[in-house]
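Note sheet for the following structure.
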There are 2 protein chains.
Amino acid sequence: MDEVLAHFSQYIKLSPVLTKEIIARVKLHTFKKGELVHDASTICTESFFIQKGLLRIYFVKDGKEITEYFGCEGEWSNSPRSFMQRKIDVYYIDAIEETKVFRLHVDDLVFLFNTFPEMDRYARLSMGTLVGHLLERVTSMRFASAKEKYDHFRSVYHDIYHRIPLHMIASYLGISPETLSRIRAEK
Amino acid sequence: MDEVLAHFSQYIKLSPVLTKEIIARVKLHTFKKGELVHDASTICTESFFIQKGLLRIYFVKDGKEITEYFGCEGEWSNSPRSFMQRKIDVYYIDAIEETKVFRLHVDDLVFLFNTFPEMDRYARLSMGTLVGHLLERVTSMRFASAKEKYDHFRSVYHDIYHRIPLHMIASYLGISPETLSRIRAEK
DNA sequence: AAGTATACTTGACTTACATCAAGAAATATA
DNA sequence: TATATTTCTTGATGTAAGTCAAGTATACTT
């Protein structure tokens, strides 16, 4: 549980009451390697805070699995539009390796938002970080060669990139697995 | 002023006090066509809410101006990292056409955040919209052909795309002006 | 209104990367 | 530990889009 509380504490001071309510609502769960965490045919009603492991958020296009992003330790993962707007969206989530998560139901999150005004501040500040990453990614997607994209990826995910299968990285970067394989071979 | 208040009201109920404080802190200003709104060599201490007109947020790479995004009517524009973290960043902002803005100083925004807890909620909800757009843009950047990118752009910016010079759209999409010109010619 | 600068178009050529294909390596399953 | 699956590598070929270049159109400036 410490990891979740530490995560919130990065952004806001946790009062004893809020701490208690978070602990009461968050449940530990372990997914096996390859296990489906969220199915695109359902509404994503839970968010997963990764304590240990790696998740992949992906969708299927022309029969191929395209990675949208990777869920890393110390972060929340979900199907964003599905979770926020309670509607069906295209994303699946599965576990790249055995993954321990703290799951939080959207109803519980809404309760926290409505009960503790400081939760809005937490969301504002943590989303600021996310927006920064997305802007950087948009920039690196547009004007970088395949090799530059991979180098950028490695610098951002330097702790975990070696735990992710090549074809998942390739689709995340929008390049073919063959091209990525050749880039790796050149080093 | 109505436009700014209407913007906040999309997300939160504005109390009379908050309304008064917003009005007191926001100042109307008009930029001429082509005028520099923000210079990358300075820290961006103001955010601009566009009442009428169009801004371009861009940076320079290899001597070329690359559009990062367009500031549209009813939205805030600034140099995000510079404004949020009070540091120098690479973005310039200029006016694509004569543009009327409401400017808000970062110190005034901080005051509003610290004085009115509901401002955090406003930020959380409005950033949610932004994150959605960025995710969509990341997806469309990776697996779309030049033509598909342009079609997607037109659908997102259908009200204003004809007011933006071709070369700015091209760099926004990460394609060459020549390619965009050829795509347009085919219709 | 003429002159200059900027923006856009069109053609010829080049290239980075995709696709197709087949084999090698690694991993999972019996 | 053998067999089946999946993942990765390597080569051959095709193509979308980039670059270079020169001309045309549009828009500022005086």
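Chain identifiers are assigned alphabetically (A, B, ...) following the order of the sequence lines, protein sequences preceding nucleic acid strands; residue numbering begins at 1 within each chain.
- Of the residues in residues 59-68 of chain A, none has a non-hydrogen atom less than 4.0 angstrom from any atom of DNA chain C.
- G34(B) comes within 4.0 angstrom of nothing in the nucleic acid, heavy atoms only.
- Atom CD1 in I175(B) sits about 17 Å away from atom P in dC17(C), given to the nearest Å.
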Which nucleotides of nucleotides 22-30 of chain C have their base under 4.0 Å from a protein heavy atom (B), which only their sugar-phosphate (S), and which neither (-), written as one string 5' to 3'?
------S--
Please list, one pair per line, the donor and acceptor atoms closer than 3.5 Å that link side chains of residues 80-87 of chain A to other protein atoms, with sequence neighbours excluded.
{"unit_1": "R81(A)", "atom_1": "NE", "unit_2": "D89(A)", "atom_2": "OD2", "d": "2.9"}
{"unit_1": "R81(A)", "atom_1": "NH2", "unit_2": "D89(A)", "atom_2": "OD2", "d": "3.4"}
{"unit_1": "S82(A)", "atom_1": "OG", "unit_2": "C44(A)", "atom_2": "N", "d": "2.8"}
{"unit_1": "S82(A)", "atom_1": "OG", "unit_2": "K87(A)", "atom_2": "O", "d": "2.8"}
{"unit_1": "Q85(A)", "atom_1": "OE1", "unit_2": "K87(A)", "atom_2": "NZ", "d": "3.1"}
{"unit_1": "R86(A)", "atom_1": "NH1", "unit_2": "D107(A)", "atom_2": "OD1", "d": "2.9"}
{"unit_1": "R86(A)", "atom_1": "NH2", "unit_2": "D107(A)", "atom_2": "OD1", "d": "2.9"}

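- In this structure, CZ of R142(A) is placed 17 Å from P of dA17(D), rounded to the nearest angstrom.
- Under a cut-off of 6.0 angstrom, the local environment of NE2 in H133(A) is sparse, with at most 12 non-hydrogen atoms contributed by other residues, nucleotides or ligands.
- Counting to the nearest Å, the P atom of dC28(D) and the CD atom of E35(B) are 15 Å from each other.
- Atom pair E98(B):CD and dC28(D):C1' shows a separation of 16 Å (rounding to whole Å applied).
- Side-chain atoms of S47(B) never come within 3.5 Å of backbone atoms of N78(B) as a donor-acceptor pair (strictly under, hydrogens ignored).
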Does the protein touch nucleotides 3-13 of chain D at the base, only the backbone, or not at all? Give it as B, S and - per nucleotide, heavy atoms under 4.0 Å.
----SSBBBB-
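- Counted within 6.0 Å of NZ on K61(B), heavy atoms from surrounding residues, nucleotides or ligands total more than 12; the atom is thus considered enclosed.
- Geometrically, R124(B) engages F113(A) in a cation-pi contact defined by less than 6.0 Å to the ring centre and at most 45° from the axis.
- Judged by distance alone, the side chains of E98(B) and T30(B) never bring a donor and an acceptor atom under 3.5 Å apart.
- Atom-to-atom, CZ of F143(B) to P of dC17(C) comes out at 14 Å; the value is rounded to the nearest Å.
- The NZ-C1' distance, from K149(A) to dA16(C), rounds to 11 Å in whole Å.
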Please determine whether salt bridge (charged side-chain N to carboxylate O under 4.0 Å, His left out) holds for the pair K147(A) and E186(A), giving the CA-CA distance in whole Å, both sets of side-chain angles, and the decisive distance to 0.1 Å.
CA-CA 10 Å; K147(A) 182 172 184 317; E186(A) 281 167 15; over 6 Å; no
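- In this structure, R163(B) atom CZ and dA7(C) atom P are separated by 18 Å, rounded to whole Å.
- Judged by the 6.0 Å distance and 45° axis criteria, R137(A) is positioned over the aromatic ring of Y172(A).
- The interatomic distance linking L173(A) (CG) with dA16(C) (P) rounds to 18 Å, in whole Å.
- Looking at every heavy atom in both residues, R142(B) comes nearest to G174(A) through CD-N, 4.0 Å.
- Residue pairs that meet the ring pair (Phe, Tyr, Trp, His ring centres under 6.0 Å) test with at least one member in residues 85-104 of chain B, sequence neighbours left out, are Y58(B)-Y92(B), F59(B)-Y91(B).
- Considering only residues two or more places apart in sequence or on other chains, Y122(B) meets the side-chain hydrogen bond (donor to acceptor under 3.5 Å, both in side chains) condition with H7(B), W76(B).
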